[in-house]
Q: 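Below is one structure. I have some questions about it.
Sequence lines set the chain letters: A, B, ... in the order given, protein chains first and strands last, and positions in each chain run from 1. All values below come from the heavy atoms of this structure, side chains included, with hydrogens, waters and symmetry mates left out.
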Amino acid sequence: MIEHILTVKVTEAVKALYQHDADLSQIQLQNTRKEFDGDITLVVFPFTKISRKSPEATATEIGEYLSLNLAEVESFNVIKGFLNIVVRKEYWLSFLSNNYLVEKFGFQDSRKKQPVVVEYSSPNTNKPLHLGHIRNNLLGFSLSRILQAAGHEVVKVNLVNDRGIHICKSMLAWQKWGNGETPESSGLKGDHLVGKYYVVFDKYFKEEVANLVAEGMNAEEASKKAPLILEAQQILQKWEAGDEDVISLWKKMNGWVYEGFAITYQTLGIEFDKTYYESKTYLLGKELVEKGVQQGVYIRRDDGSVWVDLNAEGLDEKLLLRSDGTSVYMTQDLGTAQQRYDEYNPEQLIYVVGNEQEYHFNVLKAVLKHLGCSWAESIYHLSYGMVELPAGKMKSREGTVVDADDLMQEMFDTSEAMARELGKIETFDNDEAHNLYRTIGLGALKYFILKVDPKKNMMFNPAESVDFNGNTGPFIQYTYARIKSVLRKAEDAGFEIMLSESKDTGFMPQEKELLKKLHDFPIIVSQAAGMHSPAVIANYAFELASEYNRFYHELTILKEENISSRGLRLSLSQFTSKVISNSLWLLGIEVPERM
RNA sequence: GGCCUCGUAGCUCAGUGGAUAGAGCAGCAGCCUUCUAAGCUGCGGGUCAUAGGUUCGAAUCCUAUCGGGGUCACCA
C-alpha cells in the first residue's frame, strides 16, 4: 500500500532534512481532494515547527525529497500547507493487476490466536422480535464479519433470556385463557402466540390494578398485590423449585418461541456459533460474589444482602446478591463474563446491547476489577442508540412496536411491487423472482439500519426505508447487477477481462477515481473494525457504487474499440463487482446477479 | 437533581484537529433508436444549537448555557 510506503519515506525525509525523528501521529496522509491535482496529500503543518520554515517551503522540500527518493512518486504540487503527491501510473496499474481477480480483496488472511467473542440478539422468550432487536442483530452479525475480515477469530454468541417473571406471565395467561391453543391449532408463529398471551396477561392485570385502585389502594401497592402478579410469582417460585408441571409447560411454550425465533433469524440471515440459556447460567456468579466477600472487596450487610461500593469510581453502591441469597441481573452477568473468559480466553468480549444499559456495563467492569480480574478491560459494550419512529418511541404497551416478521414481509411485498412496476422480472422464473424480492427487500432494510452510526439514535421512517433510490441498499445491489450484466456480455462477445502490457495506457479521470476508491477498501475494513462500526462499510459501499455509476455512464466499455482501454475498463468493472459484493457481505447483504 | 449522550440543509444522515462543510430524499430543469433509467447531469438550499476558550488551523478538543434522549431498583 502506497500509504505505508509514503509514511516510511516521509519519516526518512524529515530525518534527513531536519535531523528530527517524526512522530507517527504527525504524518497525516489523506486522499487528495478532487478539486486539486494529485492522489495523496501530506499535511505539512505539523513539520513547520521542526523545519522552522514556511508551510510552502517545508512542503516543497519534503516533496523534492520524495520525488528523488521514491520511485512511486511522479510529481508533486504545493498549495498552502498541503503537499499533493501524484503517484506514478505504474503503481496503480500493478495494484489493479495484482488485485482485480482476488476473491477476498480487503480481507485479512491471518488469524489472531485469541478470539473475539461477540454477544448479540439476547432476546426474551415472552414476545416476538421487533425493530429494536433487528438493529441489534444486524449490528452484531455485521460486526462479527467485519472483525473476521480484519483478521480476528470471532465467536458469535446469543444469550437467551428464557426464564423469569416475564415468561411466567405468558404461561399463566395461557393456562387461564388459552384453551389449549397451540401454534398448529391457531396457525400463529410460536413466538407470536406466546407474545399474544403476554399481552392478555397485561390486559387482565391492568384491570385488576384498576379495580384495586378504585377500592382505595394506591397504584404502586396495587400493582404489587394484584392476584395475577402474585400468581405469576408463584409460578416463578415453582419453576425455581423444579415443579414438574411448571417446568413442562415452560419447556413447551419456550419450544414454540424457539421455533418462531429460528424462522425470524433465518429470514433475517442471522446466525450464531453458540447459544446460551439463562436458565442454565443464572446461578453463575454467586461464587464470584462470595469470593469477593471473603476478599473483603464486597460488603455483606446485616440482612444478608451483598453490596459493592463504587463511589471511588464515580458510581454508586450496587447490589450483588439479594438478602434472600438470590441473584440479580448483575450477579449472573458477572458469572457469564467469567465463564466466557474461562472458555475462550478472548482478546475482547463484545456485548451488543442498547445504550440504556451503559451504566450496567460500567458497573460490571468495575465490579470485576474489584475482584482482580484484569481482563475486565477487554469488555467492550457496543452501545447502540434507540430506534425511533416518526410517531415517537416504540412502546409495546401502546402497540406501537414494529414487529420484525411483519416488517420483513412488508419489505418483500414492496420490492415485489416495485420490480413488477418497473418490468424487471419479465425474463425471471418464479424462484428467481422470489429470491430477488427477498434479496432486495432485505438489502433495503439492512442497509437502511446499518448506514447509521451505531452509537446514535436513529429515526426509522417506514416510507424512507422502502425507498430503493439514492443512498440505499438496492442502489448498491443494482450497481452490482449492472456490472455483472456487462461482464456477461463481455464474455458472450469473447472479450478478455485483462490488462494489456502496454505502458502508454493513461487513465481517464473516471477510471482513476474508481481505482482510487477501490484502493481504499482494505483501509476502510480495518477502520470499521477499529471503530466497531458497520456504518463505515455502508458509506464506503455507497460511494464506490456512485463512483462506478458515473464511470459507467460517462465511458463506454463494451463498445470501446481500443482493446487495451476496453480491457482496463472490464478489469475495473470486475474489480468493482468484487469489492461491492465483499462490502455488502460485511453488512450481511446479498447481491443479485440480475435485477 | 447527579452522571452519560446527541444537536450539521425543509427531512434522514456523512464528516477520526486540516484546504471553499458533503451525500441522499423532497423541490425545480434536463438525459433512454447506444453496455440495465432501481441510473446519470445541473440548479437552489448552512449563524455546523448558543457563548467563550485552546490551536498555525475547530463541525471535530475544553468550559458554560439552551434544547432532545438515556440512566441513577433487593427489575432485566
Q: Specify the glycosidic conformation (syn or anti) of B/C13, with syn defined as within 90° of 0.
A: anti

Q: Which whole-number value in Å describes the distance from A/E358 CD to B/G69 P?
A: 17 Å

Q: What is the distance, to the nearest angstrom, from the NE2 atom on A/H360 to the P atom on B/A73?
A: 14 Å

Q: Roughly how many Å is it from CD in A/Q26 to P in B/C56, rounded to a whole number?
A: 14 Å

Q: Verify salt bridge (Lys or Arg N to Asp or Glu O under 4.0 Å) between A/K286 and A/E290, making sure each step is shown before the conclusion.
A: CA-CA 6 Å; A/K286 285 190 182 189; A/E290 284 303 333; over 6 Å; no

Q: When the C1' atoms of B/C40 and B/A23 are considered, how many whole Å apart are they?
A: 16 Å

Q: Taking atom C1' of B/A38 as reference, at what distance in whole Å does atom CZ of A/F542 sit?
A: 13 Å

Q: For the residue pair A/F201 and A/Y198, establish whether any side-chain heavy-atom pair is separated by less than 4.5 Å.
A: no

Q: May I have the distance from A/K34 (atom NZ) to B/U20 (atom P), rounded to whole angstrom?
A: 19 Å

Q: As a quick check of understanding, evaluate salt bridge (Lys or Arg N to Asp or Glu O under 4.0 Å) for A/E313 and A/K365, giving each step before the final call.
A: CA-CA 11 Å; A/E313 285 93 335; A/K365 280 179 153 185; over 6 Å; no

Q: Would you please determine if the base of B/G39 is stacked by A/Y478, with stacking meaning a centroid separation under 5.5 angstrom and planes under 30 degrees?
A: no

Q: Could you give the distance separating B/G52 and B/G10 at their C1' atoms, to the nearest angstrom?
A: 31 Å

Q: Taking the P atom of each, how far is B/A19 from B/C61, in whole Å?
A: 16 Å

Q: Looking just at side-chain N and O atoms, do A/Y384 and A/N136 make a donor-acceptor pair shorter than 3.5 Å?
A: yes

Q: Among B/G70, B/G22, B/G17, which nucleotide has an atom closest to any side-chain atom of A/Q28?
A: B/G17

Q: Please report the distance separating the C1' of B/U20 from the corresponding atom of B/G67, rounded so that it comes out in whole Å.
A: 31 Å

Q: Going by ring centres under 5.5 Å and near-parallel planes (under 30°), is A/F475 stacked on B/G39?
A: no

Q: Distance check needed: B/C4 P versus A/L310 CG, whole Å only.
A: 16 Å

Q: Quantified in whole Å, what is the C1' atom distance between nucleotide B/C31 and nucleotide B/C11?
A: 27 Å

Q: Once you round it to whole Å, what is the distance between P of B/C4 and CD of A/Q357?
A: 19 Å

